[in-house]
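Here is the structure we will look at, set down as structure tokens.
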Amino acid sequence: MHRSLTSYLPTIYALSTPPGQRSAIAVIRISGAKAKYIYHKLTKSKAAPIPRRASLRKIYEPQKNGKLLDQALVLFFEEPKTFTGEDILEVHLHGGKAVTNGVLKSIQSLHSNSSEENISIRYAQPGEFSKRAFQNGRADLTQLEGIGDLIDAETESQRKSALSSFNGENKVLFSSWRKSILENMAQLTAIIDFGEDADIEDIDNIFNGVSRNVELLKGDISSFVKKLEKSNILKAGIKLALIGEPNAGKSSLLNTMVDDNVAIVSNIPGTTRDSIDVMLDLEGYKVVICDTAGIRNKSSDEIELQGIERAKLKSVHSDIVLLLVDSANPSGNFISEDMLEHFNTSLKRKEVFIVLTKTDLLKDRNQLAGIKESISKKLNGNYPICAISCVENTGVEELMGSLISKFQEITNSNDETGPIIVSKRVEEILHNDVLYGLKEFQNAKALDDVVMASEGLNIASEGIGKITGETIGVEEVLGVVFSNFCVGK
Ligand SMILES: Nc1nc2c(ncn2[C@@H]2O[C@H](COP(=O)(O)OP(=O)(O)OP(=O)(O)O)[C@@H](O)[C@H]2O)c(=O)[nH]1
């Protein structure tokens, strides 16, 4: 009879659907050696549950004459081919608080550590189901972290990128890197072991060959890390700052984009005295739009001045800046000196879109070409310029289209392989262990030190092992990974 590697551990159970909420269905998940025992006790059925077959069962308090708690859909999965690698029982109850509490209490009441019987059952800790899956070899760490990212995904692009870990693509890639490192380490070990008997020229040839392989591998890993950095924007959200002079129409554009009145729109210049962040899902991208205070030359208002400084700072820290310019500005000075200075000192290397606003107020739309030319001249660059009117709702769609293309570009989403998301933990190991180890190899190679070079490769290979969990020996590392998970996962 098969026994999972974790069969000696207590059987765990948890409410896998959100707690404390009224819902049509609530699912309790139970995993471990006592899952079947719990089934018999709750259903009062003597017959063994048929694996993978949903059946409707009355659920009772387990003690003698225990009262009926609910009628539920019950699913039993037999080890080892289950998520955790252990027997799993799922009880799909009606989602009322009293029902779920009653069943949870009943399961807990089955725990017993009396001298005659040792039935160890307890509520699961965060991520404990996933931890069991890892311990029983059902999934590697990157796949499990991928599930975490999948659950956390708020937008379509985040969901897609989490899949690369979840469906094991990253695992395959990391394993191929590790295999390659181990093969090259084997060649260095041969030099170390047979060094004295071997021909110097042969040794050089082998060492140089390994060095070329490491160079290529380091290139691959570096591009993966670069792509990762780009994709990370997807997780945090693309930061989009709306800047412009007071009254340029920033809040109106934000409202049009959000299609809701989140910012205050008024015709008193300087209404937005501080920045407002709004999270949006734009065509599957998580975007954090920041409406900032109008930037102008002269202000004696201390609070406004602080707002202006913060607006400048926000634009510096954003991924994309929309510089809004009132096309109907009667002064004809479309970019103020203060804005120009901020642009030249801080925004030159940013992704900037110029947005000409209030085009409905222009008497002659042919003026637009002249305005565009004068702005480009003043900014001394070729920035994309869009013309919009929030009153007529024209140009906003085109602007959105251009923004989406930019999102794809800066997050690598139009790349064939798509964006990738891995955990912070994995990213750190890639930098601090894997790339570091390969760099150490290269330093040692420059000194012709085979032993140190091999040690460098060892660091890199151990690093990949830590990522997938293959060379994990320490309980703390597992703790770090799984403590971020929710209960029931
Ligand atoms: N005709 C017309 N008026 C507009 C348009 N967009 C904004 N406005 C008006 O311009 C004024 C200023 O708009 P806001 O969106 O508050 O401008 P803002 O840049 O956020 O202003 P501050 O918060 O002062 O920096 C309001 O009276 C708006 O109704 C537009 O496309 N056409």
Side-chain angles (χ1 to χ4, degrees), residues 239-280 287-316 318 320-343 346-347 352-369 371-372 375 384-403:
K239 291 199 254 356
L240 188 78
L242 306 185
I243 64 164
E245 288 171 31
N247 246 354
K250 300 178 289 296
S251 308
S252 303
L253 174 60
L254 174 65
N255 291 348
T256 311
M257 284 168 99
V258 178
D259 206 21
D260 191 11
N261 283 328
V262 276
I264 313 150
V265 181
S266 86
N267 58 3
I268 310 155
T271 310
T272 311
R273 291 184 154 226
D274 205 347
S275 31
I276 303 170
D277 284 349
V278 180
M279 207 287 266
L280 275 190
V287 184
V288 184
I289 305 185
C290 178
D291 181 14
T292 64
I295 297 175
R296 62 168 157 181
N297 286 348
K298 296 183 194 81
S299 172
S300 50
D301 183 330
E302 189 53 39
I303 299 174
E304 192 187 348
L305 282 172
Q306 282 182 19
I308 293 174
E309 278 319 303
R310 266 202 286 273
K312 288 181 178 171
L313 212 64
K314 276 276 182 186
S315 62
V316 171
S318 61
I320 300 175
V321 175
L322 297 193
L323 170 52
L324 275 74
V325 177
D326 181 351
S327 65
N329 179 354
S331 76
N333 180 20
F334 297 105
I335 307 279
S336 71
E337 287 315 305
D338 203 33
M339 183 62 86
L340 187 62
E341 193 200 315
H342 174 56
F343 193 89
S346 314
L347 303 182
V352 179
F353 283 75
I354 314 291
V355 183
L356 290 179
T357 60
K358 310 186 192 179
T359 52
D360 57 290
L361 294 179
L362 290 177
K363 285 196 187 74
D364 178 2
R365 300 270 163 127
N366 294 328
Q367 283 173 268
L368 274 176
I371 299 173
K372 285 182 184 175
I375 292 175
I385 304 186
C386 305
I388 64 160
S389 161
C390 289
V391 168
E392 291 179 340
N393 205 355
T394 50
V396 180
E397 218 166 283
E398 288 81 350
L399 171 65
M400 299 283 239
S402 311
L403 286 175

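Indexing begins at 1, ligand by ligand and atom by atom, following the structure's order. Only heavy atoms go into these numbers, but all of them, side chains included; no hydrogens, no water, no symmetry mates. Keep in mind the model is a prediction, meaning the values are calculated, not measured.
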Heavy atom under 4.0 Å from ligand 1: found in L361's side chain, backbone, both, or neither?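 The answer is the side chain of L361.
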
Polar atom proximity, [X] to ligand 1 (N or O, under 3.5 Å):
| X | answer |
| --- | --- |
| D360 | yes |
| I388 | no |
| T292 | no |
| K358 | yes |
| P246 | no |

Could you tell me which residues satisfy salt bridge (charged side-chain N to carboxylate O under 4.0 Å, His left out) with E398, sequence neighbours excluded, listed by chain and number?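 By the salt bridge (charged side-chain N to carboxylate O under 4.0 Å, His left out) rule, E398 matches no residue at all.
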
Roughly how far, to the nearest 0.5 Å, is the CZ atom of F343 from the CD1 atom of I354?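 Here the rounded value is 5.5 Å.
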
Within residues 324-341 or reaching into it, pairs that qualify as salt bridge (charged side-chain N to carboxylate O under 4.0 Å, His left out) - sequence neighbours excluded: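 For residues 324-341, and leaving out neighbouring residues, the salt bridge (charged side-chain N to carboxylate O under 4.0 Å, His left out) pairs sorted by first residue read K312-D338, D326-K358, E337-K378.
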
Can you check whether L356 reaches I375 side chain to side chain, under 4.5 Å on heavy atoms?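 Sidechains of I375 and L356: in contact.
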
Counting heavy atoms only, which of G395, S252, S389 is nearest atom 13 (O) of ligand 1?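 Selected option, by shortest heavy-atom distance: S252.
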
Does ligand 1 have any atom sitting under 4.0 Å from a heavy atom of G244?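 The answer is no, since G244 has no heavy atom less than 4.0 Å from ligand 1.
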
Numbered atoms of ligand 1 (with element) below 4.0 Å of K250, judged on heavy atoms: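 With K250 as reference, the close atoms of ligand 1 come out as 15 (O), 17 (O), 18 (P), 19 (O), 20 (O), 25 (O).
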
